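The sequence lines fix the lettering, A, B, ..., with proteins before strands; numbering per chain opens at 1. The model shown is predicted, which means the values in this text are computed figures rather than measured ones.
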Protein chains: 2
Amino acid sequence: MSETAVAELPRDFDELRASILSQRESLPKRIAQIAAYALDNPDEIAFGTAASIAVSAGVQPSTLIRFAQHLGFDGFTSLQGVFRARLRERNSSYEERLNTLRVGDGTAAGNHRILDGFLTASRKSLDVMSRTIDEATLDRAIDVLARAETIYILARRRSYPVASYLAYALGKLQVRNQLVESAAGLDPEMIAFATPKDAVLVISFSPYAPATIEDARGLAERDVPLVAITDSAFSPLASIAKLWFEVAEADFGGFRTLASTMALSMALAVGVGEARRAGRGRGRRGGHA
Amino acid sequence: MSETAVAELPRDFDELRASILSQRESLPKRIAQIAAYALDNPDEIAFGTAASIAVSAGVQPSTLIRFAQHLGFDGFTSLQGVFRARLRERNSSYEERLNTLRVGDGTAAGNHRILDGFLTASRKSLDVMSRTIDEATLDRAIDVLARAETIYILARRRSYPVASYLAYALGKLQVRNQLVESAAGLDPEMIAFATPKDAVLVISFSPYAPATIEDARGLAERDVPLVAITDSAFSPLASIAKLWFEVAEADFGGFRTLASTMALSMALAVGVGEARRAGRGRGRRGGHA
DNA sequence: GCGGGAATGAAATAATAATTCCATCAATTC
DNA sequence: GAATTGATGGAATTATTATTTCATTCCCGC
């Protein structure tokens, strides 16, 4: 009957912290020591081994296990799980939600669930972009595009809506641009005019439209600077482009959102607009650096 | 003398990614497979065990070790270290950024501020839609569209990207649809074919494109059911349409997002797809209720 | 079609890490 | 001030996990 165990075991990091803080007074010395260490160095707990943590916290490995058991876990490993979950949680809260929202089954509340699914997927995409966007790439991409005489926009199929919005936005901002879209036909002539003084903004996601890749390759060979938005480092665009963004869109019911791609595109457009305005003021427009 | 080792071992995640990408072509099949998996699921690599990762990547544990050695590490463990370091790094820099955002909000560097602005505006739009969407309208709209023989999609300028995505999605779902877009030209003939057995999905925001409104009005007069997505009760579409959604998109720097309009459109598309599938099973397709 | 060499899968083995056990120590109560 | 209870340190044990090895397959050049 030595089990004083505090009954409810913390399921996530916040509960765990609360649990520790509430018992703080009554904890034995060494346990309190490791408790303080854990709250101060959560990453250490998440990644370390019982032995390594014990050393840097100045206790014995067995104390770690006692600590875990005091909190209601059955061992160090499950305690560590909570610290690890905390690090990945930033994505996974959405995952859960999306899993409960499956498309196919119910007919009744079904439609609302579908909308919820897309809203959740969109939010997730936006969050991922907030976290992962590389500021330096963004700056350089805007710089490249701002120097271009004409921006060629290359996108087909699923990415095409983004391209058409880009064309609209750039037009509004009075940035010369050319949307290359038609499945067949005039594209070759269109892009034939592009020179190294122009730039291409190409958007393509797996499965990459072959025509887009071909066009992009052709342009790259003629030294037209390429800025790409794509979905993986293994995209053919990643190896061709001067600069590329990796965008991970969440999907729902087999359709990926375009939320973060859209946001990025708009930021590029407005960024270019601003750079142009600033540049023109200083008489730098069209310069070749 | 089996050590082909590629000399320099990557010290951080970026170097590692670069290294993988540069060798991408020459990697053996299974190694390439785990390489792609690693770049797509870095968190898995950081937390998992060799065995668990092997299972979810569909390879043998030994392949993981070979992969690590190909990259110059002496084993899986040290490779994993790089993935873990990245996670700590990213986590701390993410928190840092959140802090600086809260503290000096207007001050964030220019281009990044623009992107943040669009991301925030998009999130806001999604939140508003979550709260305000009327479920009954959604159900009825999907019902109307699902009964249509052909769905005509009407949108221009700023709304056009949404329309083009709808056309794409409906096409994928094998729902017959007709995108009406051209600024000049063939539209009159296109929509001349529409009958009350069809339906129109029209999207327009202030300032409403005159051509869209005219087309919509003409179709309504001929009793073609109209579903509209627009931005206010004062929109000319609100009085014409059989059903309409009010969508309030947040804006940044003079550009409105399309995030919630997109989400709604995708929900409509998928909802129609689902209804069709269910309806066809029960032989209800094309009925007129 | 036939070696030769790399790549792969599966299982054995080695290493590492978590957990348990026990002797000792400290504190509290009678 | 002895006895009891709980806490602690350290080492033994057990479990898990990485790594190695070896047999087999696949691919490429002849």
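Proximity of A:Gln60 to the phosphate of D:dT8: no side-chain N or O atom is located under 4.0 Å from OP1 or OP2.
Where the helix from C:dG1-D:dC30 to C:dC30-D:dG1 starts and where it ends, the local axes point in directions that differ by 20°; five pairs per end, rounded to 10°.
The list of ring pair (Phe, Tyr, Trp, His ring centres under 6.0 Å) pairs with a residue in residues 196-233 of chain A, not counting sequence neighbours, is empty. For residues 27-57 of chain A, the set of pairs meeting the ring pair (Phe, Tyr, Trp, His ring centres under 6.0 Å) definition, not counting sequence neighbours, comprises A:Phe47-B:Phe47. The list of salt bridge (charged side-chain N to carboxylate O under 4.0 Å, His left out) pairs with a residue in residues 44-59 of chain B, not counting sequence neighbours, reads A:Arg88-B:Glu44. Listed by first and then second residue, the salt bridge (charged side-chain N to carboxylate O under 4.0 Å, His left out) pairs that reach into residues 228-250 of chain A are A:Glu246-B:Arg17, sequence neighbours excluded.
The salt bridge (Lys or Arg N to Asp or Glu O under 4.0 Å) check on B:Asp127 picks up A:Arg123, with sequence neighbours excluded. Take B:Val82 and apply the side-chain contact (heavy atoms from CB on, under 4.5 Å) test, not counting sequence neighbours, and it matches B:Phe13, B:Leu16, B:Phe73. Under the side-chain contact (heavy atoms from CB on, under 4.5 Å) criterion, B:Asp12 pairs with B:Asp14, B:Glu15, not counting sequence neighbours. For A:Ala155, the side-chain contact (heavy atoms from CB on, under 4.5 Å) test picks out A:Ser159, A:Ala163, A:Ile203, with sequence neighbours left out. Annotation: side chain to side chain donor-acceptor pair (under 3.5 Å) contacts of B:Thr49 (sequence neighbours excluded): B:Ser52.
The nearest whole Å value for the distance from the NE2 atom in B:His70 to the C1' atom in D:dT19 is 16 Å. Here C:dA7 presents its P atom at 15 Å from CZ of B:Phe67, a figure rounded to the nearest Å.
Looking at residues 26-40 of chain B, you'll see that no heavy atom sits under 4.0 Å from any atom of DNA chain D.
Ion pair B:Glu274/B:Arg277 flagged as a salt bridge, since at least one NZ, NE, NH1 or NH2 atom sits closer than 4.0 Å to an Asp/Glu carboxylate oxygen.
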Checklist entry - Nucleotide by nucleotide, 5' to 3', does protein get under 4.0 Å of the base (B), only the sugar-phosphate (S), or neither (-) in nucleotides 15-29 of chain C, counting heavy atoms? => result --SSBBB--------
